[in-house]
Engineer: 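Before we start, here is the structure in question, set down as C-alpha cells.
So that the names make sense, note that chain A is the first sequence line, chain B the second, and so on, each numbered from 1. These values consider heavy atoms only, across backbone and side chains, with no hydrogens, waters or symmetry-generated copies.
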Amino acid sequence: MSVLIIGGGQGGYQTAFSLRAEGYGGSITIVGEEPHLPYQRPPLSKGLLLGKQQERHVFLRVAEFYEKQNIRLISGTHVQSLRETPVSYEWLVLATGARNRHLTCPGAEHALYLRTLDESQAVKQRLEAAASVVVIGGGFVGLEIAAAARMLGKDATVIEAQPRLMARVAAPEVSQYFREQHEARGVRVLLNSFVERLEPNAVILRDETSVQADLIIAGIGVVPNDELAREAGLAVGNGISVDEFLRTSNPHIFAIGDCAEYPSRYADGRVRLESVQNAVDQATCVAKAICGKPEPYTAAPWFWSNQFDIQLQTAGLAIGFDQTILRGDPTSNKFSVFYYREGILKAVDSINQAAEHMTARKLIAAKANVAPDQAADAGFDLKSALL
Amino acid sequence: MSKITYVSSKGVSQTVDVLDGDSIMEGAVQNNIDGIVGACGGCLQCATCHVYVDEAFLPKFDEIEPEEEVMLASTAAERRPNSRLSCQLRVRPEFAGCIVTMPDSQ
Ligand SMILES: Cc1cc2nc3c(=O)[nH]c(=O)nc-3n(C[C@H](O)[C@H](O)[C@H](O)COP(=O)(O)OP(=O)(O)OC[C@H]3O[C@@H](n4cnc5c(N)ncnc54)[C@H](O)[C@@H]3O)c2cc1C
C-alpha cells in the first residue's frame, strides 16, 4: 500500500493529511520542487507583503508533523517524468498546481512575478526600496499586490488590457466598485491598456505612454502544470482531465487542485479552478477514494480576496452568466451580486457581507433557487430559500 | 511566551508554550497539535479552528466580533456558549494557563 503525491502545495499536503485522518496505514510520500515545507499562498500577496503576517505562519504544518504522521516529504525535487518517479506507488496523486504566465514583450525580463514564497519575499524586498510600482494585470492577485503597495505608501498603477477589472470572473458592478475603491485610495487604474515593452524603470504602452516604475510585477494568469500527465499519455485539456471522481484516464492516477480540469455540477461543463477550497476539498475527496470510499466530487466552490479593507467573497461559479442582480447598495460598501444563467442562480459575490456569503454557500450547494426579483429585494430572507 | 493547554475531544491534554501575539490556532500549528485545522490560515473563511474555551478564561478574551460570529454559525461541531474560533484569540501574558478543548470535528 503506497501513495505518491507529486506537488507539495495546498492540495498535496491536504491529500496526505486527509489520508492519515481517514486511517490510511500505507506509505505516503510527497515530492515537491520547492525547497520549503508545504505552505499557503493566500498570504503571499496580502499579509506577508504588508509585513502583517510572519513567514513562519504561512507553513501549513511544522516538520515534526510529517515525521509523526509518517509522511515522507522530499522537497527541492522536480519530478521529470512519471516513468522515473522517486518511489514506486500503488496510487499517484498529481497536485502540481499552476505556474504564472509570463510576458513575452520586449524587455519582459524586467518584470517580477508572484506565485511562490521565494517570489513573495523578492517582491517584498524590492518594494521596500521602490517609490513606484506598476502591476500588469487587474485580476485578484494583481489587485491584491497593488493594494499592498499602496498601503505601504507606494505610488501604484494597475495596467489592464480588458475594459474592466477582474473581467474574467466578475460582473461589471463588481469591477466598477473595485475600480472606484482602488482609485479612491490612490491607485491609478489604466484600462484598455496594452503593454508594448518594458524598460528597466518603465512600462511602455501601445500608444507610447510611458509609466514610470521602480518595480514591475505581472499577474496575467497561470498555466496548469500538466506536462507530467501529457508526457505519460494521460488525457489533458485545460489542465489534466479527470472524471467526477477526480481520476485521470489512468484510474490509479488522480489529479487535484489548480492543475486539474473536472466536470463540475456547478458549471455546465468542465472547469479548472484556482482556490484553496478547491484544492482542499478535492484532496479530501481523493483521500477517501484511496481509502475505499469513493464519492463523486460535489463540493460547492467558494473563494475570497482581500484588497485594502475590502473583502470579496464568492460562492458558486460565475461562468457564462446572462443576468446579474444587485442586492444592497454599493455606496454603503456592503452589497452582493447574484449571477444567473437562464434564470438559475449560479454564483453570488458578496462585498463586506460575510453573513450573506455564508448563506450563499449554502444556497449554491443546495442548488436552491432564489428568483432574480427575490434577490433584488433586500427585505427577502435568503435563508427562507433553504427550507 | 504563555502556557496554553489544548485538550483533545478524547480528553488528552497537552500543555505547550505559545508566543505572545500568536493566535491559539497558530500555537496549535507551531506545536503540532491535532484537532485544530485552520484551513484558511486565520482569515475567517473556514471555521475549522473551533475551540471551547475554559469558562474561567472566557471573559479575558476580546469580545466576539461580528465576522467571527458569522463563522461560528458554521462550525462542524456543536456551537456552545464558550465556542470561539481560535484564530481570533491572540495570546497575551494574562492568558497563561488557559485551557481550550477541541471539538471532535472541524
Ligand atoms: C499570490 C496568491 C494569492 C492567492 N490568494 C488566494 C485567496 O485569497 N483565496 C483562495 O481561495 N485562493 C488563493 N490563491 C489560490 C490558491 O493558493 C491555489 O489555488 C492553491 O494553492 C492551489 O493548490 P495546489 O496544490 O493545486 O497548487 P500549489 O499550491 O501551487 O502547489 C503545487 C506545487 O507543486 C509543485 N510542483 C509542480 N510540478 C512539480 C513537479 N513536476 N515535481 C515536483 N513538484 C512540482 C509546485 O512547485 C508547487 O509547490 C492564491 C494564489 C496565489 C499565487
Engineer: For E356(A), which atoms come within 4.5 Å of any heavy atom of chain B: side chain, backbone, both, or neither?
Structural biologist: neither
Engineer: Drop me the distance from Y66(A)'s OH to N32(B)'s CG, to the nearest 0.5 angstrom.
Structural biologist: 9.5 Å
Engineer: Find the one option among K68(A), R361(A), Q54(A) whose heavy-atom pairs under 4.5 Å with chain B are most numerous.
Structural biologist: R361(A)
Engineer: Roughly how far apart are E67(B) CD and N352(A) CG, rounded to 0.5 Å?
Structural biologist: 9.0 Å
Engineer: Measuring from atom CG of D34(B) to atom CD of Q69(A), what distance do you get when rounded to the nearest 0.5 angstrom?
Structural biologist: 5.5 Å
Engineer: Can you tell me if K10(B) has over 12 outside heavy atoms packed within less than 6.0 Å of its NZ?
Structural biologist: no
Engineer: Which atoms of L19(B) come close to chain A, meaning under 4.5 Å heavy atom to heavy atom: side chain ones, backbone ones, both, or neither?
Structural biologist: side chain
Engineer: State whether the number of non-hydrogen atoms from other residues, nucleotides or ligands found under 6.0 Å of R72(A) atom CZ is greater than 12.
Structural biologist: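 Counting other residues, nucleotides and ligands, CZ of R72(A) stays at 12 neighbours or fewer.
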Engineer: Which pair of non-hydrogen atoms, one from Q40(A) and one from G41(B), has the smallest distance, and what is that distance?
Structural biologist: OE1-CA, 3.1 Å
Engineer: When rounded to the nearest 0.5 angstrom, what is the spacing between CD in Q53(A) and CD in E26(B)?
Structural biologist: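 Interatomic distance, Q53(A) CD to E26(B) CD, rounded to 0.5 Å: 7.0 Å.
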Engineer: Taking all atoms of both residues into account, what is the closest heavy-atom pair of Q45(B) and W302(A), and its distance?
Structural biologist: O-CH2, 3.5 Å
Engineer: How many angstroms lie between NE2 in H357(A) and CE in M71(B), if you round to the nearest 0.5 Å?
Structural biologist: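 Answer for the NE2-CE pair, H357(A) versus M71(B), is 7.0 Å.
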Engineer: If we ignore hydrogens and angles and just use 3.5 Å, is the side chain of Q30(B) paired with the main-chain N or O of R56(A) as donor and acceptor?
Structural biologist: yes
Engineer: Given a strict heavy-atom distance threshold of 4.5 Å, which part of Q311(A) is in contact with chain B: side chain, backbone, both, or neither?
Structural biologist: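 Contact with chain B: side chain only.
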Engineer: Measure Q10(A) against the heavy atoms of chain B and call it side chain, backbone, both or neither at under 4.5 Å.
Structural biologist: side chain
Engineer: Taking side chain as everything from C-beta outward and backbone as N, CA, C, O, which of these in K46(A) sits under 4.5 Å from a heavy atom of chain B? Side chain, backbone, both or neither.
Structural biologist: neither
Engineer: Any chance NZ of K334(A) has more than 12 other-residue heavy atoms, nucleotides or ligands included, within less than 6.0 Å?
Structural biologist: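 Counting neighbours around NZ of K334(A), 12 or fewer heavy atoms of other residues, nucleotides or ligands fall under 6.0 Å, so no.
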Engineer: Specify the closest pair of heavy atoms between F59(A) and V29(B), including all atoms of both residues, with the distance to one decimal.
Structural biologist: O-CG1, 4.1 Å
